[in-house]
Undergrad: 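Structure incoming, see below.
Since this is a predicted model, take the numbers as computed values, not measurements. The sequence lines fix the lettering, A, B, ..., with proteins before strands; numbering per chain opens at 1. For the numbers below, each heavy atom of this structure counts, side chains included, while hydrogens, waters and symmetry mates do not.
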Amino acid sequence: MQPDLRKQLKVYNTLSRKKELFQAINPPFVGMYVCGPTVYGDAHLGHARPAITFDVIFRYFKHQDYKVRYVRNITDVGHLVGDADEGEDKIAKKAKLEQIEPMEVVQHYTDRYHRDMAALNVLPPSIEPRATGHIIEQIEMIEKIIESGYAYESNGSVYFDVVKYNEDKEYGALSGRNIDEMLEGTRNLDGVSDKKNQVDFALWKKAEPEHIMRWNSPWSDGFPGWHLECSAMSRKYLGDHFDIHGGGMDLKFPHHEAEIAQSHACNHVEPAKYWLHNNLITINGQKMGKSLGNFITLEELFEGKHELLEEAYSPMTIRFFILQAQYRSTLDFSNDALKAARKGYRKVMNGLRLAKSLEYKADDSIEVNEKQAKNIESIVNSIYRGMNDDFNTAVAMAGIFNLLKKINAVHSGNIPAAQLGEQAFNDMISNYITFIEDVLGLKEETPDHFFQALDYIIQDYSAAKEVRDYNKVDAIRAKLKDMGVVVKDTKTGVEWAYDEA
RNA sequence: GGUGCCAUGGCCGAGUGGCUAGGCAUCGGUCUGCAAAACCGCGUACGGCGGUUCGAAUCCGCCUGGCACCUCCA
């Protein structure tokens, strides 16, 4: 494979239901919008999947020298509990429950989301806009949609006229939904709702007197509908037409379908060129869901505090676990699967340390084995082939393990470095490190037992002191100093501290 | 009911017409004071029944089982 073939990226586009060659609208720039969380509760395993999936996509684009603007929003208004644009706002409900300001709820869970994402080594997006920070843009968009004739006001609320829109354009293309079928069997709404049709959705909702989250608008004191924030913010930061829109499979309908309709009605152009959807995580073969009560938060996972968990699993174990599957497949959670992931992760990290320490040793008495060198090249190509085939991290990981075998073999002397030749050796090392750290975003975690190990060394130090073995004492002291730790002999015993010099 | 998806060796999980995916576990070997790690070797897995084909896990049909969306969910 030639180096340029390593750039033939194919992505599965939900819109066409096919893998398509990725061609940036305006290279070398790539605009990507991904639906972030509604911040009314702690992030769970399900939030980790899209975050990690699109993080790797973000990283891979950068690795391929694209200039990426990655927008991932925070939804902090408009997402209602219950169905059909009725019911309380999720955030307002939580605020009432806790007797705090809605924005305190938002801040609290946004901070916690960031903390969990950082633990998972998910890079912050380029822009992370909030719905409440874009009320003006949303109102503006509603006005444009009304102008186009695809929305109507009713009792201070504004609804998107799905039936009218569908007469002129196509509604339901993304999720394979048919409007006529959806209309069948729905009850007559006369006098029941402000909507003309059940399939219509709110762009603006008039706030009831007791509703605490409200903004002034041309139609009423109220709040924007869920769906609109993503259309408004993607438009603002990425333009009317951008490269990629992503999110979880479950958002295809109605959220993304509504986004397409709104954006189209406003901008008269298809918002995203490629729609990417990650699949869901299941637990014992069943989807994780709020309503099923079987979801596990990331914090519970990291600390092992959940009845389904036999023990704690570290953030990198979770990341590794998620990357071992292709993002469009469901991924079944189990303790056994996570334990296996942890072992695999540690093996890869042991290799990472080796890779960083290995040096090429030229040796004229050893002939370069072309077969070995070619082998390295084909493994590296397999990693690219995997990533280019709709970000198949499972295949990329298989390649990583194949490289790891070679690295271990060189380290143990089974394969002399000189046999690979300098070029292949460097390819092996650099690709291993680059893919693990930069593309897959795996990093070393400080082992839980670091402090115990240090205590043990301190004990050894004390024992040496006891028998006046000052050569050893000085050696330990110097070694630890190099590592940023100083040993302190106090009246009450030996202590250690971080070197402040 | 409508619309989709999936069934791969002990477990997880790639693969979409012929060429060893990979990880974890197990077993045998090399190495080793012991151990661990590492390396080498070992698994004739593709839900069932038919069909297409020189050849199918991979295409088609039927059946069985499971899941998802259609309501909030990443």
Undergrad: Rounded to whole Å, how long is the line connecting atom CE of A:M387 with atom P of B:G22?
TA: 19 Å

Undergrad: Would a line drawn from the ring center of A:H256 to the ring center of A:H277 be shorter than 6.0 Å?
TA: yes

Undergrad: Is there any protein nitrogen or oxygen under 3.5 Å from a nitrogen or oxygen in nucleotides 1-10 of chain B, and what are the pairs?
TA:
from: B:G2; atom 1: O2'; to: A:E181; atom 2: OE1; distance (Å): 3.0

Undergrad: Which of parallel (below 30°), tilted (30 to 60°) and perpendicular (above 60°) describes A:Y60 and A:F391?
TA: perpendicular

Undergrad: Whole Å only: how far is the CD1 atom of A:I57 from the P atom of B:A74?
TA: 18 Å

Undergrad: I want to verify a distance call: between B:C70, B:G23, B:A21, whose nearest atom is closest to the A:A398 side chain?
TA: B:A21

Undergrad: Could you give the distance from CG (A:L403) to CD1 (A:I379), rounded to the nearest 0.5 Å?
TA: 5.0 Å

Undergrad: Atom CD in A:Q324, atom CE in A:M397: separation rounded to 0.5 Å?
TA: 5.0 Å

Undergrad: Write down the distance between CG (A:L251) and C1' (B:C72), rounded to a whole number of angstrom.
TA: 11 Å

Undergrad: Can you tell me the distance, in whole Å, between the NZ atom of A:K347 and the P atom of B:A25?
TA: 8 Å

Undergrad: A:W226 side chain: which of B:C72, B:A38, B:C40 is closest?
TA: B:C72

Undergrad: Heavy-atom distance under 4.5 Å between the side chains of A:I296 and A:L308, does that happen here?
TA: yes

Undergrad: Nearest whole angstrom, please: distance from the C1' of B:C72 to the CG of A:L280.
TA: 14 Å

Undergrad: Of the nucleotides B:C72, B:A74, B:C70, which has the atom closest to the A:K90 side chain?
TA: B:C72

Undergrad: Report each atom pair, protein N/O against N/O of nucleotides 11-15 of chain B, whose distance is under 3.5 angstrom.
TA:
from: B:G13; atom 1: OP1; to: A:D332; atom 2: N; distance (Å): 3.0
from: B:G13; atom 1: O2'; to: A:Q324; atom 2: O; distance (Å): 3.4
from: B:A14; atom 1: OP1; to: A:Q326; atom 2: N; distance (Å): 2.9
from: B:A14; atom 1: OP1; to: A:S329; atom 2: OG; distance (Å): 2.8
from: B:A14; atom 1: O3'; to: A:N392; atom 2: ND2; distance (Å): 3.0
from: B:G15; atom 1: OP1; to: A:N392; atom 2: ND2; distance (Å): 2.9

Undergrad: So, taking the atom named OH in A:Y313 and the one named NZ in A:K339, what distance separates them when rounded to the nearest 0.5 Å?
TA: 4.5 Å

Undergrad: Is A:E445 reaching over with its side chain to a backbone N or O of A:M316, donor-acceptor style, under 3.5 angstrom?
TA: yes

Undergrad: Using whole Å, report how far CG of A:L298 lies from P of B:A74.
TA: 12 Å

Undergrad: Are A:Y165 and A:E170 close enough that some pair of their side-chain heavy atoms sits under 4.5 Å apart?
TA: no

Undergrad: If we take the C1' atom in both B:C59 and B:G18, what is their distance in whole Å?
TA: 14 Å

Undergrad: Once you round to the nearest 0.5 Å, how far does CG of A:D332 lie from OG1 of A:T282?
TA: 3.5 Å

